[in-house]
Amino acid sequence: MKPLMRAILTSQAFWAAENRGALIKSPLDLVVGTLRTFDIHPTDLRPAVFAAAALGQNPFSPPNVKGWPGGDAWINSTTLLGRRQWLDRVFRGSDPAMTAMPAAREEAAERAPGERYRRMMERAMADYAFDGARFIRSLPVSSDGAERVDRLVLAADAVNPAPDDADAAERVRVLVTDPAYQLK
Amino acid sequence: MTLDRRAFLKLASLAPFVGASGLARAANAPQVRKLLVLVELKGGNDGLNTVIPFADPLYASLRPRLAVARDQVVQLTEAAGLHPSLAPLKPVWDARNLAVVQGLGYPQPNLSHFRSIEIWDTASKSDEYLDAGWLARAFAHSPSPSSFAADGVVVGPNAMGPLGGSGARAIALTNPEQFLRNARFARNEGESRNPALSHILRVERDVMVSAERLQARRAFVAPFPRGPFGNAANTAAQLAANEAGIAVVRLSLGSFDTHANQQGTHANLLRQLGEGLAALREGLVEIGRWDSTVIATYAEFGRRPRENQSGGTDHGTAASHLVMGGAVKGGLYGAAPALDRLDGGGNLPFAVDFRSYYATFLARWWGMDSGAVLGSGFRPLEFV
């Protein structure tokens, strides 16, 4: 094991700049990675599973024993837009727990199944939200803040660099919309 | 969205063989349609610090830390003024082309971002779920001229919002920077030394193939501000300059979800908004489209009048919004925020239903039957 690890870690390919950020995130990389990177802890994971499935990766259900084709095949016009829209939702803002869905008003039995499902998802999605203020507090105070945020969010240089006058949370919101956020 | 794009391509491919129904459709369609630029202030903008009731003593007392000092306010009238970051819009007010619609909201307001923006996007009742956006329904009812490249263009990597669902020919310009660059570098986009990134950029370009008839070729004299919203405003001006028409352009800015330390963030966002819209106005004047364009803001909600413990504001209800254009009748509409009549949750009552706001664009800007789209009972306002 040791010689193998040494060989890998000292190889040129392992450290080569052109191999950084050269892979496309799978839907689970994107969905779970976003939740973990930005410290988002939803109570109900169903929306995460459904999102990954809608983006082409239904967990534990690969198309065949070989698994998902992956790579470039993750991204087509539908899934790229789907990814952007999911991110758009997570980074819109956060609902404080108190103002989340008024559950008491629901009379589930009277609702059609489609509507019940929609309401369930809506309630479950409520805590899929980036908390900008908490994110800023979690950053160490330093002079290279913007660069640090860029390194945290992106595996490759941004295609459209974020403006320098944005605060850290705003910077994150810009960077996650960058094509480079789809890379790992 | 691809479904829409697919539907659109199908429609476009049928164009040479327009059948009887197609002709009927074309006969209903107007030959021209004026432009509406919607600007979504994502996350819920603090209306009270955007259009400031500086003369109301309750304003300062509800906001010991966040109130904008009276001498900083860009005064519009004896009682209302703009946040200092919006100073670039003062000339528009002075030209009587800026309308401020105060107190936009709806009954039984929902304070969740996601539900409330859904209500605004679909123009539904608070407890009603509709599948299509209000503009998608409007264009299904009254399609734009067949010469138009699309009914609407959504600028930026966002959900389709009011153009979502079937009914509209909508284009997603997910990467406006790419759209703007294509003008200069003749479609070499999609080349990067990173093959994975190249693939993503190529797909992004393909998404925009449905926008092929739209080009960003216009060299504007007026500069646009740097940054994402400046690019979005530039894109809107480029779209307005296109020969192939567009009825709606939707831009967005945010997040305005300022729960903590609002002051700097909000000032910065409003500065982007003010500078971006002022530049857009100059661009539209330059190409002679200022009189045939209306620009209007909206958001899922305003924010609570009383500031919170973290130097921010929490989700609220009614808020002021801005409408500008050469054909806009400037002035204050709706009613000033009733800070003395907050509800049990500390929120403002609404003065104007947002569906009346929408009805104004449908009925008075486009001459559509707004009742068929929004239901009856929403009287248009008179700002256009």
Side-chain angles (χ1 to χ4, degrees), chain A residues 18 20-24 71-72 75-85 87-89 91-96 98-102 105 114-115 118-119 122-123 125-126 129-134 136-137 156 159-160 162-163 165-167 169-170 173-174 176-180 182-184, chain B residues 1-3 5 42-44 110-115 117-118 127 129 156-160 172 174-178 192-197 199-204 206-207 209 226-231 252 254-261 264-265 268-269 271-272 300 310 312 314-315 345:
Chain A
E18 62 265 29
R20 308 260 139 220
L23 298 174
I24 291 177
D72 285 2
I75 300 276
N76 60 39
S77 54
T78 312
T79 58
L80 185 57
L81 279 174
R83 285 173 177 226
R84 291 291 184 64
Q85 287 167 4
L87 292 168
D88 181 50
R89 168 151 194 175
F91 287 88
R92 168 177 286 276
S94 54
D95 284 346
M98 286 166 60
T99 57
M101 292 289 91
R105 281 222 317 259
E115 189 156 324
R118 182 139 63 170
R119 279 172 188 250
E122 188 183 297
R123 217 171 298 136
M125 269 301 275
F130 171 64
D131 184 337
R134 203 183 60 199
I136 291 178
R137 283 199 303 276
V159 175
N160 306 307
D165 55 354
D167 70 25
E170 206 49 45
R173 291 191 167 98
V174 173
V176 297
T177 67
D178 194 275
Q182 304 301 329
L183 301 175
K184 62 176 179 182
Chain B
M1 250 185 303
T2 315
L3 274 187
R5 176 177 162 242
K42 287 199 295 188
N110 191 301
L111 298 190
S112 153
H113 289 286
F114 316 113
R115 178 57 190 146
I117 194 61
E118 193 173 61
D127 59 355
Y129 290 79
N158 302 302
M160 301 303 277
T174 52
N175 188 338
E177 287 79 11
Q178 190 182 43
S192 158
R193 281 167 57 195
N194 178 335
L197 187 57
H199 173 70
I200 294 167
L201 293 174
R202 267 196 306 272
V203 170
E204 215 149 46
D206 290 348
V207 171
V209 164
R226 291 184 54 226
F229 192 70
N231 290 334
S252 34
S255 173
F256 283 87
D257 193 30
T258 46
H259 285 286
N261 307 318
T265 309
N268 185 29
L269 287 166
R271 183 182 52 74
Q272 292 179 53
E300 59 261 52
S310 323
D314 295 321
H315 300 179

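Convention: sequence-line order gives letters A, B, ...; per-chain numbering from 1. Any value given below was found using the heavy atoms of this structure, including those in side chains, with hydrogens, waters and symmetry copies removed.
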TODO: Please test A/R84 against B/E204 for side chain to side chain contact (heavy atoms under 4.5 Å, CB included), starting from the C-alpha separation and ending with a verdict.
DONE: CA-CA 11 Å; A/R84 291 291 184 64; B/E204 215 149 46; 2.6 Å; yes
Could you tell me which non-hydrogen atom of [X] sits nearest to which non-hydrogen atom of [Y], and how far apart they are?
X: B/F114; Y: A/M125; value: CE1-O, 4.3 Å
X: A/L81; Y: B/A172; value: CD2-CB, 4.1 Å
X: B/A196; Y: A/I24; value: CB-CG1, 3.7 Å
X: A/P179; Y: B/L201; value: CG-CD2, 3.8 Å
X: B/N268; Y: A/A166; value: ND2-CA, 4.2 Å

TODO: For residues A/D88 and B/K42, determine if any side-chain heavy atom of one lies less than 4.5 Å from a side-chain heavy atom of the other.
DONE: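 Counting from C-beta outward, A/D88 and B/K42 do come under 4.5 Å.
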Open item on the list: Contact between A/R89 and B/H113 at the side-chain level, heavy atoms closer than 4.5 Å - yes or no?
Closed with: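 Sidechains of B/H113 and A/R89: no contact.
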Task: Pick from B/G254, B/G345, B/A260, B/S252 with the largest number of heavy-atom pairs that fall under 4.5 Å of chain A - done: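 Sorted descending by pairs with chain A, the first entry is B/G254.
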Task: Top of B/P228, B/P195, B/G227 for chain A proximity - count of heavy-atom pairs under 4.5 angstrom - done: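 Of the options given, most contacts go to B/P228.
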Proximal component of [X], with respect to chain B [non-hydrogen, under 4.5 Å]:
X: A/I75; answer: both
X: A/F130; answer: neither
X: A/R173; answer: side chain
X: A/R83; answer: neither

Task: Atom group of B/N158 that falls short of 4.5 Å from chain A, counting heavy atoms - done: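 Both backbone and side chain.
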Open item on the list: With a 4.5 angstrom heavy-atom cut-off, is it the side chain or the backbone of B/E118 that approaches chain A, or both, or neither?
Closed with: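 The side chain, not the backbone.
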- [ ] With side chain to side chain contact (heavy atoms under 4.5 Å, CB included) as the test, would you mind laying out the steps for A/E170 and B/L269 before giving the verdict?
- [x] CA-CA 10 Å; A/E170 206 49 45; B/L269 287 166; 4.2 Å; yes
Open item on the list: Taking atom CZ as the centre, does B/R226 end up with more than 12 heavy-atom neighbours from other residues, nucleotides or ligands that are less than 6.0 angstrom away?
Closed with: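 No, not enclosed.
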Task: Rounded distance (nearest 0.5 Å) linking atom CG of A/D167 with atom CG of B/N261 - done: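 Output value for this atom pair is 9.5 Å.
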Task: Approximate separation, where rounding is to 0.5 Å, of B/N175 CG and A/L80 CG - done: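 If we round to the nearest 0.5 Å, B/N175:CG and A/L80:CG are 9.5 Å apart.
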TODO: Please assess B/I200 against A/L183 for the test side chain to side chain contact (heavy atoms under 4.5 Å, CB included), listing each intermediate value before the final yes or no.
DONE: CA-CA 9 Å; B/I200 294 167; A/L183 301 175; 3.8 Å; yes
- [ ] Output yes when a side-chain donor or acceptor of A/N160 lies under 3.5 Å from a complementary backbone atom of B/E177, and no otherwise.
- [x]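 Such a contact is absent between A/N160 side chain and B/E177 backbone.
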Open item on the list: Under a 3.5 Å distance rule, please check whether B/H199 uses its side chain to pair with a backbone N or O of A/N76 as donor and acceptor.
Closed with: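 Pair absent, no side-chain N/O of B/H199 close to backbone of A/N76.
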Task: Greatest number of heavy atom pairs closer than 4.5 Å to chain B - which of A/A22, A/A133, A/P163 - done: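 Looking at each of A/A22, A/A133, A/P163 in turn, A/A22 comes out on top.
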